[in-house]
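Right, one structure below, let's go through it.
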Amino acid sequence: MNRIRPFKNLVPAFSCLLLCACANSSEVSFKSGGLTHTFAEGKDATKEGFALPVYPGAKPSGGVSTEGSAEASSFLLLNSADPVAKISEFYQQALKQGGWEINQMQVLPTLINIAAKKGELEASVMVSGEDKSTSITLSVSRAPEGTP
């Protein structure tokens, strides 16, 4: 399975997120190529119904979502003062309890990446940091049937 597809729009999406942070509104949406793209910052980035749990006490810094008739992806950026290992343990348990199948896990001293699947959804949880600053990047995508 090609793991790059959910992340193909990641660089432009995050670039736009940074530009949106300079705007007066905390959320911006536009339509392009049959998809609706929404960029949000701060607490507005946390949408009800996001498929993955938000780490307790984490502060949202931004989010990006793209939706179309058959394809959708969402990214949520969080920050926490908790260590990487504690946050990783939370997500490993939460994913299993939520019915997600963990497909892959990469563990480095300051970075942990978890890939999971649940039905037609694919998710990634990336936790990275040092000392008292940990970044959490959550992504969930749904691709059209038959798309790798």
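Please read all numbers here as calculations on a predicted model, not as lab measurements. Residue numbers count from 1 along this sequence.
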*Over all atoms of both residues, closest heavy-atom pair of A123 and W100*: CB-CZ3, 3.5 Å

*Under 4.5 Å between side-chain heavy atoms, hopping through other hydrophobics if needed: is there a path connecting L111 to L77?*
no

*Heavy-atom distance under 4.5 Å between the side chains of S135 and L78, does that happen here?*
no

*asked:* My understanding is that only residues two or more places apart in sequence, or in another chain, count here; which of them pass side chain to side chain contact (heavy atoms under 4.5 Å, CB included) with Q106?
replied: L108, N113

*side-chain contact (heavy atoms from CB on, under 4.5 Å) between I114 and I102: does it pass, once the steps are laid out?*
CA-CA 7 Å; I114 304 167; I102 295 176; 3.9 Å; yes

*Would you please name every residue forming a side chain to side chain contact (heavy atoms under 4.5 Å, CB included) with T110, sequence neighbours left out?*
E130

Pairs of donor and acceptor atoms involving the side chains of residues 82-89, under 3.5 Å and at least two apart or interchain, shall be tabulated with distances.
unit_1	atom_1	unit_2	atom_2	d
D82	OD2	Y55	OH	2.6
S88	OG	Q92	NE2	2.9
E89	OE2	Q93	NE2	2.9

_Cluster check V107, M126: I/L/V/M/F/W/Y, side chain < 4.5 angstrom_ = no

*For N103 and A116, work out which heavy atoms get closest and say how close.*
ND2-C, 4.0 Å

*asked:* Any heavy-atom pair between the side chains of I136 and Y91 that's under 4.5 Å?
replied: yes

*Do L52 and L95 come close enough that some side-chain heavy atom pair is under 4.5 Å?*
yes

*Which salt bridge (charged side-chain N to carboxylate O under 4.0 Å, His left out) pairs, counting each pair once, include a residue from residues 92-111, with sequence neighbours left out?*
none

*Grab the two heavy atoms, one from L138 and one from P53, that are nearest each other, plus how far apart they are.*
CD1-O, 3.6 Å

*Residue pair L76 / V54, side-chain heavy-atom distance below 4.5 Å*: yes

*asked:* Main chain of G119, side chain of K117: is a donor-acceptor contact present, judged purely on distance under 3.5 Å?
replied: yes

